[in-house]
Amino acid sequence: MAQDSYDMIVIGAGPGGYVAAIRGAQLGLSVAIIEREHMGGICLNWGCIPTKAMLRSAEVFHLMHRAKEFGLSATGIDYDLEAVVKRSRKVAGQLSSGISHLMKKNKITVVMGQARLAGKGSVAVKGDKGEQTLSSKHIILATGARARELPGLEGDGDLVWTYKDALTPPRMPKKLLVIGSGAIGIEFASFYNTLGSDTTVVEVMDRVLPVEDAEISAFAKKSFTAQGMKIREKSMVKQLDRGKGKVTAHIETGGKTVKEEFDTVISAVGIVGNVEDLGLEAAGVTVDRTHVLTDEYCRTGVEGLYAIGDIAGAPWLAHKASHEGVLVAELIAGKTVHPIKPGSIAGCTYCHPQVASVGMTEAAAKEAGHDIKVGRFPFMGNGKAIALGEAEGLVKTIFDAKTGELLGAHMIGAEVTEMIQGYVIGRQLETTEEDLMHTVFPHPTLSEMMHESVLDAYDRAIHF
């Protein structure tokens with residue numbers, strides 16, 4: 001029978017939670033992990049992984065229509081939405097079962113149920129087998145987040161979809177409205193638009209992908225528009241009138257409201273932390289706008305209680321959560337740890353074309369008082385990009401003019417979500433422009449554009 005007392009208890013089995021549990025077990029700690037729904041959490045089951053599987057299907061569909069460009073012949077090109085979704089769910093299921101295997105391999109006790117802090121060092125769990133209490137000096141909150149739903153714009157599973165509905169669609173939308181142009185909204189807009197939906201994106205900010213560099217956002221908007229998307233910036237959906245098989249959206253732009261009918265709406269207006277029913281207030285945990293406040297070591301201020309991942313605030317990224325999981329497990333085990341540098345965490349959006357970035361935007365660098373040098377290199381100047389038939393894109397780098405520090409890197413184009421890690425490593429190692437200039441990049445690769453962008457910042461670009 002499993003013991004009731006552990007060296008470490010993790011609440012939530014998303015990327016941050018299960019990684020924390022595994023790392024703790026590797027360090028010789030006895031670990032229990034509590035999960036109320038799915039091993040792997042939202043990211044693996046309803047977020048990062050299944051969306052990428054669907055987007056891959058859309059990418060292949062798009063390429064099939066371009067067969068003639070590559071000297072190939074393909075006729076009768078079509079898709080089976082049910083099969084696309086089935087593949088996506090199979091991928092998610094495979095990885096979820098893999099997490100369960102890792103728990104067994106590392107001798108981690110898995111408890112399925114709803115957890116609640118029940119006094120210092122104590123967690124009460126209510127599950128199918130009744131209630132039980134676990135204890136530990138170290139408890140990690142990793143309960144993640146869920147989609148934000150605005151009053152009047154709530155999902156209903158029929159006409160108005162949340163991300164879960166969009167991942168298991170009952171039909172292919174003919175005329176689709178996507179509310180919000182962050183990563184989630186734009187990825188769904190890209191998927192459905194590629195498969196033929198007449199897609200409109202409404203964004204309250206002054207540009208799509210508002211957290212990205214303004215130049216990249218503008219490039220993305222131009223590309224999305226060329227693909228047939230309708231982009232409405234500085235606009236807000238004030239009301240949705242739901243009828244039989246249709247939704248009338250009241251869209252306000254510049255003080256004027258227009259009504260437009262759609263058969264499907266996807267709401268992607270941000271996330272809220274899963275902080276309810278955890279006993280946080282009674283435990284003395286500070287919560288600000290649904291997110292737990294922590295220090296640089298993920299400590300909540302309550303002795304022995306930590307928070308990682310989406311519940312602990314921005315950036316809301318699975319890889320950030322995983323790294324925090326390792327950090328906290330090692331901290332608990334008495335290891336020397338280093339705080340995460342949020343400015344060195346990359347953000348990736350898997351739309352078409354892909355978008356990736358790390359560090360400061362050009363505007364943020366100027367606002368911070370840096371005298372900057374900016375380099376750019378277009379995909380059309382790269383041999384590999386041309387050979388791939390992917391000549392649309394841009395690599396942009398930003399340096400401090402005095403020190404040569406790489407302040408930020410921003411990309412749009414094919415496979416940039418893979419390329420960005422080169423700059424991430426550069427940021428982590430405090431690389432300067434000289435280091436990057438002296439690095440030999442393999443040819444022919446897309447990565448050569450990373451080199452050329454650096455060279456361009458110092459008026460030394462060779463191929464453009």
Side-chain angles (χ1 to χ4, degrees), residues 15 43 47-49 51-52 55-56 59 182-184 186-187 190 208-220 223 314-323 340-365 372-379 381-382 384-385 388 390-400 405-433 435-437 439-442 444-457:
C43 173
C48 316
I49 301 302
T51 54
K52 303 312 164 284
L55 284 161
R56 176 60 173 165
E59 179 184 17
I184 296 172
I186 282 296
E187 286 184 357
S190 187
V208 293
L209 296 170
V211 303
E212 300 295 340
D213 184 87
E215 189 172 356
I216 299 299
S217 291
F219 195 113
S223 179
W316 296 290
L317 300 166
H319 42 289
K320 172 253 195 184
S322 296
H323 199 85
I340 289 175
K341 301 175 183 177
S344 293
I345 298 175
C348 298
T349 306
Y350 299 81
C351 48
H352 177 72
Q354 294 180 5
V355 176
S357 61
V358 64
M360 293 182 178
T361 64
E362 183 176 351
I372 63 174
K373 285 185 175 291
V374 180
R376 300 173 180 83
F377 196 82
F379 272 50
N382 177 263
K384 180 67 177 293
L388 290 174
E390 300 289 354
E392 179 189 30
L394 175 71
V395 177
K396 177 178 180 178
T397 46
I398 303 163
F399 294 89
D400 183 281
E405 177 188 358
L406 174 63
L407 298 174
H410 309 273
M411 306 177 177
I412 183 167
E415 302 305 328
V416 297
T417 57
E418 299 291 338
M419 290 164 58
I420 193 64
Q421 184 61 13
Y423 286 135
V424 173
I425 293 171
R427 291 265 304 164
Q428 186 67 27
L429 298 179
E430 299 182 353
T431 296
T432 65
E433 92 291 355
D435 297 318
L436 290 167
M437 285 181 182
T439 299
V440 179
F441 287 71
T445 64
L446 298 176
S447 69
E448 290 176 276
M449 290 182 286
M450 299 168 65
H451 193 211
E452 293 272 14
S453 179
V454 175
L455 293 171
D456 182 62

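Bear in mind that the values here come from a model prediction, so they are computed numbers and not experimental data.
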- Lys/Arg-Asp/Glu bridge criterion (N-O < 4.0 Å) met for Glu390, Lys384: no

- Message: For Cys348 versus Glu187, what's the shortest heavy-atom pair and its separation?
- Response: O-OE2, 4.4 Å

- Task: Find out whether Glu392 and Phe219 are in side-chain contact, i.e. whether some heavy atom of one side chain is under 4.5 Å from a heavy atom of the other.
- Result: yes

- Query: Are any side-chain N or O atoms of Ser453 and backbone N or O atoms of Met449, one a donor and one an acceptor, separated by less than 3.5 Å?
  - Reply: no

- Query: Do Glu59 and Arg56 touch side chain to side chain, with heavy atoms closer than 4.5 Å?
  - Reply: yes

- Closest heavy-atom pair and its distance - Ala457, Phe399: CB-CD1, 3.9 Å

- Query: Between His410 and Met360, is there a donor-acceptor pair closer than 3.5 Å when you use the side chain of the first and the backbone of the second?
  - Reply: yes

- Query: Roughly how far, to the nearest 0.5 Å, is CG of Asp213 from CD1 of Ile398?
  - Reply: 5.0 Å

- Task: Could you check if a side-chain atom of Thr397 sits within less than 4.5 angstrom of a side-chain atom of Glu433, using non-hydrogen atoms only?
- Result: no

- Item | Nearest heavy atoms of Val358 and Ser344, plus distance in Å | CG2-C, 3.7 Å

- Note on the structure: The side chain to side chain contact (heavy atoms under 4.5 Å, CB included) partner of Val395 among His451, Glu448, Met411 is Met411

- Looking only at heavy atoms, which two atoms of Asn382 and Leu446 are closest? And how far apart? OD1-CD2, 3.6 Å

- Nearest-0.5 Å distance, CD1 of residue Ile340 to NE2 of residue His319: 10.0 Å

Donor-acceptor contacts under 3.5 Å from residues 419-427 side chains, at least two apart:
residue : atom : partner : partner atom : Å
Tyr423  : OH   : Met450  : O            : 2.7
Arg427  : NE   : Gly343  : O            : 3.4
Arg427  : NH1  : Leu406  : O            : 2.9
Arg427  : NH1  : Leu407  : O            : 3.1
Arg427  : NH2  : Gly343  : O            : 2.9

- Going by heavy atoms in the side chains, are Glu215 and Lys396 under 4.5 Å from each other? yes

- Contact check, side chains of Pro210 and Ser217, non-hydrogen atoms, under 4.5 Å: no

- Which value, rounded to the nearest 0.5 Å, describes the distance between Tyr350 atom OH and Cys48 atom SG? 8.0 Å

- For Ile186 and Cys351, which heavy atoms make the closest approach, and how far apart are they? CG2-CB, 3.5 Å

- Query: Would you say the side chain of Met437 lies within less than 4.5 Å of the side chain of Leu455, judging by non-hydrogen atoms?
  - Reply: yes

- Work out which heavy atom in Ala365 is nearest to a heavy atom in Ile372; give both atom names and the distance. CB-CG2, 3.9 Å

- Message: Do Leu436 and Thr431 make a side-chain contact, defined as non-hydrogen atoms from C-beta onward lying under 4.5 Å apart?
- Response: yes

